[in-house]
Asks: 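The structure that follows is given in the form of structure tokens.
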Amino acid sequence: MTTKEIFKVELRDLVLLGFVVAIKVVLSRFSLGTTVVHVSLGFIGSVMLGYLFGPVWGAIGGGISDFVSSALFGNQGGFFIGFTLSAMIGPLIYGLLFYKKPVKIWRIILATILVTVIVNIGLNTLWVHLMYGMDLKAALIQRIPKETIVPWIEMVVTYFVLQAISRVKIRRQF
């Protein structure tokens, strides 16, 4: 697949991308916790971006959703490009594992574990350390309990979201 084919997009696909970005922004607002550790429903939007648009457009949508969310609602501590990178890597991982592929339990488990380890534990802990000067070890200790419980719930929700989307036949047309 050439670069031109990857970035080729129709208007209806851009409209759907806009809707999914809006869904991600709204769902991300439903969150609990502190700045260091919080749980939100934003992962559903990331899963949808990756499944519907693939790794490239999913990552672009994830970045756009972070910019839009920051512009509309602001971020505690101000805007930080690291969290935008995290918002892009999640849909990228989901896109690599879900885009144009059948919904399989092992894909859901692998994608959730990769996002949890790479984005949530790795990058987001690093960003909190860099932004707030928090000790890296202390930030990890605070985040580990959440990251051992929440991914299991995310796996179940992801399964049902992907089943619903695949039944409705919302797909990009090429």
Side-chain angles (χ1 to χ4, degrees), residues 1-33 38-76 78-105 107-116 118-120 123-124 127 150-151 153-174:
M1 188 176 275
T2 67
T3 306
K4 186 177 180 179
E5 291 171 339
I6 290 173
F7 288 104
K8 179 184 174 196
V9 65
E10 293 183 15
L11 180 60
R12 67 177 168 209
D13 295 330
L14 285 177
V15 170
L16 180 60
L17 180 69
F19 279 122
V20 176
V21 165
I23 288 169
K24 182 173 172 26
V25 168
V26 170
L27 288 177
S28 295
R29 299 302 299 163
F30 295 101
S31 65
L32 301 169
H38 80 276
V39 179
S40 80
L41 297 175
F43 77 94
I44 296 171
S46 294
V47 168
M48 291 174 69
L49 284 168
Y51 180 77
L52 294 171
F53 298 98
V56 174
W57 281 101
I60 291 169
I64 292 169
S65 73
D66 188 67
F67 286 130
V68 169
S69 181
S70 295
L72 291 176
F73 306 112
N75 290 335
Q76 188 174 5
F79 176 78
F80 184 67
I81 195 71
F83 288 115
T84 303
L85 182 62
S86 292
M88 294 175 76
I89 292 175
L92 177 100
I93 292 170
Y94 290 126
L96 289 171
L97 288 164
F98 297 151
Y99 185 59
K100 293 188 178 180
K101 294 182 175 107
V103 177
K104 301 282 185 187
I105 300 293
R107 289 184 200 280
I108 294 170
I109 292 170
L110 180 62
T112 305
I113 289 172
L114 286 174
V115 169
T116 298
I118 295 169
V119 178
N120 298 346
L123 292 176
N124 288 348
W127 306 147
V150 171
I153 299 165
E154 288 180 359
M155 287 178 203
V156 173
V157 173
T158 298
Y159 175 78
F160 287 112
V161 166
L162 293 179
Q163 287 296 319
I165 293 172
S166 65
R167 284 198 174 100
V168 175
K169 305 264 193 259
I170 301 174
R171 292 238 183 226
R172 289 180 65 189
Q173 304 295 319
F174 287 107

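Computed from a predicted model, the values in this text were never measured in an experiment.
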Asks: Holding to side-chain hydrogen bond (donor to acceptor under 3.5 Å, both in side chains), I want the full list of residues that pass it with T84, two or more places apart in sequence or in another chain.
Replies: D66
Asks: In Å, rounded to the nearest 0.5 Å, how long is the span from CG of L49 to CG of L17?
Replies: 6.5 Å
Asks: Mind listing the closest non-hydrogen atom pair of I108 and M155 along with its distance?
Replies: CG2-O, 3.6 Å
Asks: Give the minimum heavy-atom separation between S40 and S28, together with the two atoms involved.
Replies: CB-O, 3.8 Å
Asks: With a 4.5 Å cut-off on side-chain heavy atoms, are V157 and L41 touching?
Replies: no
Asks: Taking all heavy atoms of K24 and all of G42, pick out the closest pair and write down the distance.
Replies: NZ-O, 3.7 Å
Asks: CG/L97 to OH/Y51 distance, rounded to the nearest 0.5 angstrom?
Replies: 13.5 Å
Asks: Starting at CG of L114, measure out to CG of L110 and round the result to the nearest 0.5 Å.
Replies: 4.5 Å
Asks: State, to 0.1 Å, how close Y99 and L52 come at their nearest heavy-atom pair, and which atoms those are.
Replies: CE1-O, 3.5 Å
Asks: Side chain to side chain contact (heavy atoms under 4.5 Å, CB included) between V150 and F43: does it pass, once the steps are laid out?
Replies: CA-CA 11 Å; V150 171; F43 77 94; over 6 Å; no
Asks: Pairs of donor and acceptor atoms involving the side chains of residues 86-94, under 3.5 Å and at least two apart or interchain, shall be tabulated with distances.
Replies:
residue, atom, partner, partner atom, Å
S86, OG, G82, O, 3.4
S86, OG, N124, OD1, 2.7
S86, OG, W127, NE1, 2.8

Asks: Checking F19 now: which residues fulfil ring pair (Phe, Tyr, Trp, His ring centres under 6.0 Å) with it, not counting sequence neighbours?
Replies: none
Asks: Of all residues at least two apart in sequence or in a different chain, which pass the side-chain contact (heavy atoms from CB on, under 4.5 Å) check with V68?
Replies: V25, I64, L72
Asks: Taking side-chain contact (heavy atoms from CB on, under 4.5 Å) as the definition, give me every residue that meets it alongside I23, ordered by chain and number, with sequence neighbours left out.
Replies: L27, M48
Asks: Suppose we screen for side-chain contact (heavy atoms from CB on, under 4.5 Å). Which residues come up paired with I105, at least two apart in sequence or across chains?
Replies: I109, Y159
Asks: Is there side-chain contact between V56 and I60, with at least one heavy-atom pair below 4.5 Å?
Replies: yes
Asks: Determine the minimum heavy-atom distance between P151 and T116, stating which atoms define it.
Replies: CG-OG1, 3.4 Å
Asks: Is the backbone N or O of S65 less than 3.5 Å from a side-chain atom of S69, with the two atoms forming a donor-acceptor pair by type?
Replies: no
Asks: Tell me whether the guanidinium CZ or amine NZ of R107 lies under 6.0 angstrom from the six-membered ring centre of F98 and within 45° of its axis.
Replies: no
